[in-house]
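In what follows, every chain begins at residue 1, and chains take the letters A, B, ... in the order their sequences are listed. Everything numeric here is computed off the predicted structure, so don't read it as measured data.
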Amino acid sequence: MKIEGTHELRAARERVYKALTDPRVLQRCIPGCERLEKTGEDSYAATLRTGVGSIKGVFNGSVKLEEMRPPEHYRMVVDGKGQPGFLKGSGNLDLEEAGDGAATVIKYTGEVQVGGTIASVGQRMIQGAAKMMASQFFTALEAEAQTVEGDPPPTHGFFRTALRWFSGWLRRIFQNRSK
Amino acid sequence: MIPAQFDYVAPATIDEAVSLLSQHQDEAKILAGGHSLIPAMKLRLAQPQLLIDIGRIKDLSYINEQDGQIRIGAMTTHYQLESNERLRAICPLLPECAAHIGDVQVRNKGTIGGSVAHADPAGDWPAAILALDAEMVAVGQQGERVIKAADFFVDMLTTALAPGEILREIRINAQDVGGRLGQSYMKVAQPASGFAVVGVAVNLALDAGGVCQSSRIGITGVAVKAYRASGVENALKGRVLDSQIIAAAAEHAADAVDANEDLYASADYRRHLARVYTRRAIEAASSRAH
Amino acid sequence: MKMSLSMTVNGVAREHEVEPRLLLVHYLREVLNLTGTHVGCDTSTCGACTVRLDGQAVKSCTMFAIQADGSEVKTIEGFAGEGGQLHPVQEGFWECHGLQCGYCTPGMIIAAAQLIERTPQPTEAQIRHGLEGNLCRCTGYQHIVEAVQYAAKKS
Amino acid sequence: MAKKFVGQSIKRTEDPRLIKGLGHYVDDIKLPETLHVAFVRSMYAHARVKEVDVSEAINAPGVVAVYTGADASALIGPVPCASALPDLKVPDHRVLATDKVYFVGHPIAAVVATNAYAARDAVDLIMVDYEELTPVVDVEEAAAEGGPFIHEKFGDNIAYKLTAGEGDIDAALAGADHVIKQRIVNQRLAPIAMEPRGVLARYLPGEEELTIWSSTQIPHLLRTQLALMIGMPENKLRVITPEVGGGFGSKLNVYAEEALLGWISMRLAKPVKWIETRRENMQATIHGRGQVGYLEIGCMNDGTLAGLRYNVFADLGAYYQLLTPAIPTLTGLMLSGCYKIPAIQINVTGVFTNKVATDAYRGAGRPEATYVVERALDLVAQELSMDVVEVRRKNFPAPEEFPFHTATGLFYDSGNYEGALKKALEMSDYAKLREEQAKARAEGRIVGIGVSTYVEICALGPSQAMPAGGWESATVRIEPTGKVTIMTGASPHGQGQETSFAQIAADELGVDIKDVTVIHGDTSIVQYGIGTFGSRATAVGGTAVFIAIQKLKEKAHKIASHLLQADATNVAFGESGFSLQKAKAAVASGVEVPEPDLPVGQAPAGALPEPETDGKHVTLQDVALAAHLAKDLPPDMEPGLSVTYFFEPKNFTFPFGTHIAVVEIDRETGDIKFQRYVAVDDCGKVINPMLVDGQIQGGIVQALGQALYEEVVYDEQGQLVTGTLMDYAIPKAAMLPHFELARTETPTDVNPLGVKGVGEAGTIGATPCIVNAVVDALAPFGVRHLDMPLKPETIWKLIH
């Protein structure tokens, strides 16, 4: 299943790119990522405890970063297996400067595949869930990229993340409306 | 299909339930009617370690009127709402929406509180909750707070209830508009699951001359969460609702909506159905207001 | 962790220690050996497991037995009247050939009985709508509709 | 003798237990100390299994054993396929995956535990290390050259290619005024019997007997195959088919789980049970249909059909089940429909895909053919601007042309296609429907009328044409007390043979239907039989009952004559038994027949009564008693009163009919609403009209499901995305119109009952009728054809 979208982050592109390639930041931003251990050049073993609402599962797998062209492009490949099935996702992220360099627009196009129970029973929600997780990821990433280097990282409580994302979404709606 | 093991408690009071939930947080789930949670548990897509069954708490199942509000206990079943004569007179949207949920057996056991707190993107209640501008009363360790409908549905299966909070009551302001009220709920059901491909709840107030004083339209099934069709509402306000006005307004039913896509319906078709059913639901509501 | 459970099933008081995760349908079928209640899906779609819980038709695969603690349950085995007198809906299903393989039948009968209680003289459309929680793969439903009409007339 | 029961809508004798919840399906049978089995199944469509780690599971609470392919697959023979086709590539289908998994749901390991909950828990503890392989999903892509290949040793994904048909198709199409081409898809469907499959196996080590209770349509064939698979003497293996909650072909099979459960029970010397979940049922029970075909139909300007070619890719799945490769050959047989088509050719390409096997689902290959032919007729009508009814009429064989030989090599037994059509046209008031349609169209409404005139091949069938015998067996026995016992090999699963066969027996024997019991589904009680499928139970199995009764009556007649001390020609059988025909006797002997001197009176308590006769009359009961007491039988007469007969039909039967549907489409949403549905079916003679109606209605609804709602969907990764009944829509009561049914009755001479079979008629006739109606509705938008299921969105897009 294809997903795509655009997110504007109020942070400079170099900073966003740096955050995007920092495993500690990634662990904090990938929804439910409990563990991200380096296993090779730009590849990591990961444990994701993730899901939406009461639907949750634990997935063990890998995260790989490919096609790295700082500060404008890279590709993230996530692969995990667990009791409810498997999930695989790959996304091309293209970063563009915006707002006189104060902001970054990330365009992503990705492919999500799920298998096992989640594929056979969750059909109507998979796309929504994928979008939701992408949103959570970028919302968290924005917060990360806005911190001053060296400061403690922001916390991404699920609730706070969701609320922050929600307010961003509302803002977009209003922006669209005012157009 | 067999769920994984869990511990089970059936507290006698809501305070006890809140305290258990706060204690166990993510590990625990509230069991209300169980019609979303138990299927997920049987598929082992949900494996809570503790189930807190609020079905034994006294007085969570009621429909009454107080302080100009209709108050509905979270454990009130869909069928109780569907069959309540008083609601048919004062807030027909509730019974009409209830009658569209699942099937008879599901309505006998499933609860409004469970359904609203689960926030299924294709659930029926969220549309009505938005159209009625309901208030959700949440109880947490810090006490009660009221969450407005517009703030309640956050994302797919995600609400503004904080971890540790339980939805206790739903309040609906009795309509104080002097004119005539018209409500309706219309739905395209997915043929297998019965979930809403599109569900539109309309709540209109017209003055004596038929001019739309206010309208609230909640749409479910189309996006990752139910939403208010404010573009439609704005286009109706202050207008005499003839079929042209309604049709033109309904065109805004899916403005700026990132629509869901599944085997049954593409995003385009969902948006289209949202517009068609919004028009039909407004027409029905408006004819009832006359 | 087992919990004690007591309920009245078809008029008989029952008490058992059960795991909280034991589904009501499995309690009825495996513990009480009341096998007339069937399981036809995993998703509370098919209605084969329908029983009456405190007078209301519910899907016994979508609740835990422990939730029915203290309740009164009636299954298809307890549906006939005194002396084995068939319930009018049972009679209707027999008269009108409302069943073929019979697997959906117990749930269908219990749902239909509820329908007639709530809508004593249902139209064909009301019957069809009222049975939306019960799937039948054999009959095409037309004889089931006739069975319910028969029962409504008799009730 | 007057028929009191045959032809009447007799209430079913099986119903009282079923409406009281007292019937026993497999899962309702409880044996002490039963162990429960749960399966680990593949979550991938195509992968190499590198390791199956069961160490944690084996130590889990309640777990007794865990078996993997490494443990079991070498010791249990392959899952059988009974279809022999030339050059058929047969993959080695083992009960558990060994090195590779081939479809989502492919069983990898079986967990045995003391209860079903513990077994399920342990499934989650088994770790399977997979190496993903590229899945092969699309049937046409799979058939193309170049990999990936599912079974590497074959070098491609083509299971077989087959060409059949008569007449010079190239010349026929070249000589036609018009040749119309159309790609036609018969999508994969899930049979969804409401009772999923289930197996209970009990091995008794002392007796060395294995009993398998299975929800199957074919207990005897299953016994034979299981005996071969697990190396058990067939006479030590007993298959019991208790109540079966629907089959529709899905239980006309031999499944891995059936063999595995028997094998496990033998190893553990305990009863073991496995009850399929609905998710397993969607994944691992056979699917139906699954054909992508290319039609060419040639016709003359006046509508006469010249030739039909159908090149079809059949999506077989990764492995064969019992009849998998044979199903498309049935499609080939029925491509003439009820029309005179001088040249027909089918080219089948059977293709492996990473999906569960397709096999017989209600109709099994014939609905696919009928759909193609009936769509073809509408395409011809559209091309020539003819009425769809006229085009059909033009090509019907007349009643006197029967037996009618088709270019597919069949001889249709009997038919009056015009008769059924005419009745349906009258019932629906077709001419008026067309007027109303014209008016509706003028008002901007979208209304369509669909017609299908179908013929189907039933009463499967002559053994020559069947993989494992096409006959059916019956034993009819009159017990010493006069009660009638029938044992049929046609083990039913909802069709009502306990009633319909009792109707036949009650009439033929002049007894009350309550005194007849029909026994089926136990291989240790019932003589070998074939089973219930292919609309054969009454036409073949019922005929076996009928003929067995005739033979039994011959014997009874002799005994009665002996008891009456009369010449057999002077004794007549009537409702109350055998009576002396005095007039005849007088003519024959010229003297008064002396009163026989036979014992009369009450037997002592506890002993059997003695046969009674007043010398002029003896009841069947008394004849039966005499036959069993054997104290006074004709010389050389074998005692007992029981006859077993195996009926071998000399041909198939060919029921037919006309269906007419009227639909209206919501212009805004594409929703389809039925206005009318008229079905006139001719299944020959009817034993029980109520049961026949039930079969027709149920069949139409499954057809309607295919036309409008149902489709098994695998995504591009081979994941089954319609994995539950929340995603796979089978029709509900409120989605359906009220069917207006009628019959014509054209008997067959293939069997003495004159019955043709009806189980699949609705499914075969209705699918094209509904699609034709919708396409007709959309004709003003330039629509010629639509692929099923006809989703509202598809229609909406066409309109806009």
Side-chain angles (χ1 to χ4, degrees), chain C residues 19 21-22 26 29-30 33-46 48 75-80 84 86-87 89-106 109 124-125 127-145, chain D residues 9 11-12 14-25 27-30 115-117 191-196 243-248 275 277-279 493-496 688 690-691 693-702 704 724-726 730-736 738-739 741 762:
Chain C
E19 267 194 289
R21 65 169 168 162
L22 182 70
H26 290 151
R29 290 182 49 83
E30 305 303 325
N33 204 25
L34 292 167
T35 56
T37 304
H38 299 145
V39 178
C41 71
D42 314 327
T43 45
S44 34
T45 317
C46 81
T75 70
I76 190 68
E77 289 92 339
F79 225 67
L86 290 181
H87 186 281
V89 177
Q90 287 175 311
E91 208 183 301
F93 272 70
W94 193 11
E95 288 291 334
C96 303
H97 189 31
L99 62 151
Q100 289 178 27
C101 82
Y103 198 76
C104 74
T105 308
I109 286 174
E124 175 165 353
I127 294 170
R128 287 177 180 275
H129 182 66
L131 296 176
E132 67 198 330
N134 294 75
L135 297 178
C136 169
R137 191 65 156 164
C138 294
T139 63
Y141 302 99
Q142 191 148 315
H143 282 163
I144 292 178
V145 170
Chain D
S9 289
K11 285 197 291 180
R12 296 203 317 174
E14 37 280 83
D15 287 1
R17 63 176 188 266
L18 299 174
I19 57 178
K20 293 179 197 160
L22 301 177
H24 286 88
Y25 302 84
D27 196 20
D28 304 339
I29 296 165
K30 315 279 182 189
N115 65 68
Y117 280 51
I192 315 280
M194 287 319 299
E195 182 210 20
E243 221 70 76
V244 176
F248 314 111
I275 301 299
T277 65
R278 181 58 64 191
R279 281 196 64 222
H493 43 287
Q495 292 82 356
N688 186 325
M690 189 162 74
L691 303 197
D693 284 352
Q695 288 295 322
I696 295 284
Q697 288 161 1
I700 293 173
V701 170
Q702 284 183 351
L704 189 148
T724 71
L725 291 178
M726 297 279 275
I730 68 169
K732 299 175 187 174
M735 300 169 171
L736 306 167
H738 186 92
F739 307 116
L741 305 187

Is it the backbone or the side chain of L86(C) that comes under 4.5 Å from a heavy atom of chain D, or both, or neither? side chain
In Å, rounded to the nearest 0.5 Å, how long is the span from OG1 of T139(C) to CG of D693(D)? 12.5 Å
Non-hydrogen atoms of chain C under 4.5 Å away: do they reach the side chain of K30(D), the backbone, both or neither? side chain
Approximate separation, where rounding is to 0.5 Å, of I19(D) CD1 and E95(C) CD: 9.5 Å
Who wins among E124(C), H129(C), E91(C) for the most heavy-atom pairs under 4.5 Å with chain D? E124(C)
So for H97(C), is it side chain, backbone, both, or neither that comes closer than 4.5 Å to the heavy atoms of chain D? both
Taking side chain as everything from C-beta outward and backbone as N, CA, C, O, which of these in V89(C) sits under 4.5 Å from a heavy atom of chain D? Side chain, backbone, both or neither. neither
Of G496(D), G694(D), A193(D), S9(D), the largest count of non-hydrogen pairs under 4.5 angstrom with chain C goes to G694(D)
Is it the backbone or the side chain of F739(D) that comes under 4.5 Å from a heavy atom of chain C, or both, or neither? both
Closest contact, heavy atoms only, P196(D) versus Y103(C): CD-OH, 4.1 Å
Heavy-atom distance under 4.5 Å to chain C: side chain of D27(D), backbone, both or neither? both
Nearest-0.5 Å distance, CD of residue Q100(C) to NE2 of residue H493(D): 10.0 Å
Donor-acceptor contact present, side-chain Q697(D) to main-chain G140(C), <3.5 Å: no
Rounded to the nearest 0.5 Å, what's the gap from CD on Q702(D) to SG on C138(C)? Could you check? 7.5 Å
Scored by heavy-atom pairs under 4.5 Å with chain D, the best of E19(C), H143(C), R21(C), Q142(C) is Q142(C)
Using non-hydrogen atoms only, which part of Y141(C) is less than 4.5 Å away from chain D: side chain, backbone, both, or neither? side chain
Between E132(C) and K732(D), what is the shortest heavy-atom contact and its length? O-CD, 3.8 Å
Which atom pair, heavy atoms only, marks the closest approach of R12(D) to L99(C)? NH2-O, 3.5 Å
Side chain, backbone, both or neither: which part of T45(C) has a heavy atom under 4.5 Å from chain D? side chain
Minimal heavy-atom distance between L18(D) and G102(C), with the atoms involved, is CD1-CA, 4.2 Å
When L736(D), L704(D), T724(D) are compared by non-hydrogen pairs under 4.5 Å with chain C, the top option: L736(D)
Out of curiosity, N115(D) CG to H26(C) NE2, how far, rounded to the nearest 0.5 Å? 10.5 Å
What is the minimum heavy-atom distance between W94(C) and P16(D), and which atoms define it? CZ2-CG, 3.5 Å
Report which part of F79(C) has an atom under 4.5 Å of a heavy atom belonging to chain D: side chain, backbone, both, or neither. neither
So, the part of T43(C) with a heavy atom under 4.5 Å from chain D: the answer is both
For L22(D), is it the side chain, the backbone, both or neither that has a heavy atom under 4.5 Å from a heavy atom of chain C? side chain
Any donor-acceptor pair under 3.5 Å from R278(D) side chain to D42(C) backbone: no
For E30(C), which atoms come within 4.5 Å of any heavy atom of chain D: side chain, backbone, both, or neither? both
Under 4.5 Å from a heavy atom of chain D, the part of H87(C) involved: neither
If you compare all heavy atoms of V244(D) against all heavy atoms of C101(C), which two are closest, and at what distance to 0.1 Å? O-CB, 3.6 Å
Return the option, out of R279(D), E243(D), Q495(D), with the maximum number of heavy-atom pairs under 4.5 Å with chain C. R279(D)
Value for NZ (K11(D)) from SG (C96(C)), rounded to nearest 0.5 Å, stands at 9.5 Å
Under 4.5 Å from any heavy atom of chain D - which part of L135(C): both
Structural part of L691(D) lying under 4.5 Å from a heavy atom of chain C: both
For H738(D), is it the side chain, the backbone, both or neither that has a heavy atom under 4.5 Å from a heavy atom of chain C? both
Side chain / backbone / both / neither for T277(D) at chain C, heavy atoms under 4.5 Å: both
Do P731(D) and R137(C) make a side-chain contact, defined as non-hydrogen atoms from C-beta onward lying under 4.5 Å apart? yes
If one checks every heavy atom of Q695(D) against chain C at 4.5 Å, the contacting part turns out to be both
